[in-house]
Protein chains: 2
Amino acid sequence: MSTMSETTSTRAARLSDVARLAGVSAATASRALNGSDRGVREANRAKVLEAAKTLGYTTNVAAQAVARGRNRGVTLVVKGIPEDYANPIISGVVTAAQRRGLPVTITSAGTDPADLVEAVHNARSHRPEILMITGGRATDDATIPELVDALQRYEAEGGRVVLITQPGLPFDTVAYENRKGGYDMAKTLAGLGYRNFAVISGMKHGLTQRDRTAGFIEGLAESGIQLPADRVLIGEFTRDAAYAMTGDLLRRGIPVEAIFAVNDAMALGVLTFLRDAGRSIAVAGFDDIQALRDVTPSLSTVHLPWDQVADEALTMAMGPRGDEPRTIMIEGHVVVRESTPSVVP
Amino acid sequence: MSTMSETTSTRAARLSDVARLAGVSAATASRALNGSDRGVREANRAKVLEAAKTLGYTTNVAAQAVARGRNRGVTLVVKGIPEDYANPIISGVVTAAQRRGLPVTITSAGTDPADLVEAVHNARSHRPEILMITGGRATDDATIPELVDALQRYEAEGGRVVLITQPGLPFDTVAYENRKGGYDMAKTLAGLGYRNFAVISGMKHGLTQRDRTAGFIEGLAESGIQLPADRVLIGEFTRDAAYAMTGDLLRRGIPVEAIFAVNDAMALGVLTFLRDAGRSIAVAGFDDIQALRDVTPSLSTVHLPWDQVADEALTMAMGPRGDEPRTIMIEGHVVVRESTPSVVP
DNA sequence: TTGAAAGCGCTAACAG
DNA sequence: CTGTTAGCGCTTTCAA
């Protein structure tokens, strides 16, 4: 009668189906397919593998996770994927995990602090072995206690937590020498002959930008240059905000020779504004993200070894847990490119 | 004796713990916490919610998935995350799913066709409601049958599959009018006054680039311009390959006025090479990815509405399945920017 | 509206 | 090396 439309909702093949077809017990099939054990006779293993293939069997990871109590692999929580399309940490972690044969699951949290907490709750509900969190943190973040609580509970339950970028929380952390990077950049720019600076920075309470800015100011001071407070502009941590801030800055008519943006995305905004405005001012950034390598002029910045960051994080997560939370600091180094030509005679 | 180190490996709170604390049955707790039902007295619901909070309870999604037979949300399989850091589809899907309150899981497949198959197997093992796959496909891809098989099984088991970008497979698909885009671009460039062209294209059997190239050639032909076969260069589908290919092209000494790269990433490679070589030739791309908006000269390209693409895909996936696989074609439109100035007198 | 009980598909002792 | 037997934590009939 009815046209043979595919209403036939097959049941997915289960382990027991495979076992039956192979003529072994479910336990043996399990061992052959997913067990870390070696204990399966070769003949049986082959039979099971073949049965699985003809049945199109796929492990039900959910069931596996329930039985084992944990999900294999790492869950990476990233703040604001939609905005930050070129997040270098994502590809770093994916690559590093792939190399170790670990499945990675990426989940995106909104940019709001509360979103992060929610995303962590979600991630936790998947019971992954490793939970990695990346994205800046602010000192005035009211959700921190809640976040820490959720994470601590998670660790108490046997999960491993590694934070990237957010030092100061009681968990294993990989962070960068933001202050030193800013400091080095200041020295470098001073060495290049610049004297009049401005800093384009992000949210007032953001840890990352605060340290980078502080380091920069310190470096200038050591070079005998005082940075007036009104030369530090603060706004959103984005390219667009930086674009706008640069406009504000120039409109004030201050004779700036070089602008330090606390990250590359913002530096890009600065660069673009200057180009649009037909102004020629030196610009430096921080991060050295891949996505910017074709920008003109090429951007002077503080290079951060992203793959290494990801790798250290994973190594930490896979090793035994220490008595105390550890923090690995990654150093960057200044790379001078075209955006900051020497002005020394 | 022993320092009170945190060896206490707590068990994660379970539903039954919550139920006990709230003084109700597990069934009721379940209904209050995750059930779509309404049938729980308000007083009880409140008690359960509070108990869950004090216990720091998080649903065990794995167990939930086992019990329900499916995992809520969409799993997005992306080809080659590490390389393609600026994949516009990722952010589109994340955004669209977020808007609908659907959890998204992103998994990365290598660039090799076999990797895709493996990634699909993996994704399938999570039993998500919706499986979305994105990434180009080649006509000579030997793994297609296997891929189709895995996907069909998945659908037979009740899952929903949506392909983005890979028309011609028996699944619901969202694709772009690649041919038309290439065609329009050719007409546009011809209208701008260009006469001598070259095309920088990707893998020989790649569907996407093939269509874009074919459309472009057709558009030129209609404008009375024949494109000699040796003006179509073929290589990897990447910025770096395009960079190298442009070098090859110019070394041949052919008088090219405009280069059409089949995607923006490649166009970027072309642009950069030309800049490095100090040559001034018009360049056009395809995709209009966000990441390139600050490039100089700004890139003329075929704009594709990525968010709409993602949205259509999700709408398709959430609606009822049709008798036949449907394909939604998304049209792009040419955007002329600085990289292709008019040469008409 | 609520609870008891029977699974969901898999793994992990424990014998054999 | 292999099978048997319990669960893992949650949902979902089915009765009450």
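So you know, we letter chains A, B, ... as the sequences are listed, proteins then strands, and number each from 1.
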Taking only the side-chain heavy atoms of [X] (C-beta and beyond), determine which of [options] contains the nearest atom.
{"X": "B/Arg31", "options": "C/dG9, D/dC10, D/dT12", "value": "D/dT12"}
{"X": "A/Ala67", "options": "C/dT2, D/dG7, C/dA12", "value": "D/dG7"}
{"X": "A/Asn44", "options": "D/dT2, D/dT4, C/dT2", "value": "D/dT2"}
{"X": "B/Ala26", "options": "C/dC8, D/dC10, D/dT11", "value": "D/dT11"}

The criterion is side-chain contact (heavy atoms from CB on, under 4.5 Å); which residues satisfy it with A/Gln64, sequence neighbours excluded?
A/Asn34, A/Thr59, A/Val61, A/Arg68
Taking the nucleotide of DNA chain C with the nearest heavy atom to each, does B/Ala27 or B/Val66 sit closer to the 5' end?
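Taking each residue's closest nucleotide, the earlier one in sequence belongs to B/Ala27.
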Atom-pair distance ([atom1] on [X]; [atom2] on [N]), nearest Å:
{"X": "B/Gln64", "N": "C/dC10", "atom1": "CD", "atom2": "C1'", "result": "18 Å"}
{"X": "A/Arg72", "N": "C/dT11", "atom1": "CZ", "atom2": "P", "result": "13 Å"}
{"X": "B/Arg127", "N": "C/dC8", "atom1": "CZ", "atom2": "C1'", "result": "11 Å"}
{"X": "B/His126", "N": "C/dG9", "atom1": "NE2", "atom2": "P", "result": "17 Å"}
{"X": "B/Leu33", "N": "D/dC10", "atom1": "CG", "atom2": "P", "result": "9 Å"}
{"X": "A/Arg45", "N": "D/dC1", "atom1": "CZ", "atom2": "C1'", "result": "11 Å"}
{"X": "B/Leu15", "N": "C/dC8", "atom1": "CG", "atom2": "P", "result": "19 Å"}
{"X": "B/Arg70", "N": "C/dC8", "atom1": "CZ", "atom2": "P", "result": "16 Å"}

Look at the side-chain N and O atoms of [X] and state whether any lies under 4.0 Å from the OP1 or OP2 oxygen of [N].
{"X": "A/Arg41", "N": "D/dT2", "value": "yes"}
{"X": "B/Ser30", "N": "D/dT11", "value": "yes"}
{"X": "B/Thr28", "N": "C/dT2", "value": "no"}
{"X": "B/Ser25", "N": "C/dT2", "value": "no"}
{"X": "B/Asn34", "N": "D/dT11", "value": "yes"}

If you measure from the Lys or Arg side-chain nitrogens to the Asp or Glu carboxylate oxygens, is any gap between B/Glu42 and B/Arg45 under 4.0 Å?
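Answer for the salt bridge query: yes.
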Using a strict 4.0 Å threshold on nitrogen-to-oxygen distance, state whether B/Arg321 and B/Asp172 make a salt bridge.
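No, this pair does not count.
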List the steps and the verdict of side chain to side chain contact (heavy atoms under 4.5 Å, CB included) for B/Ile133 and B/Leu151.
CA-CA 10 Å; B/Ile133 303 181; B/Leu151 256 21; 3.9 Å; yes
Taking all non-hydrogen atoms of both residues into account, name the closest pair between B/Arg160 and B/Gly319 and its distance.
NH2-O, 2.9 Å
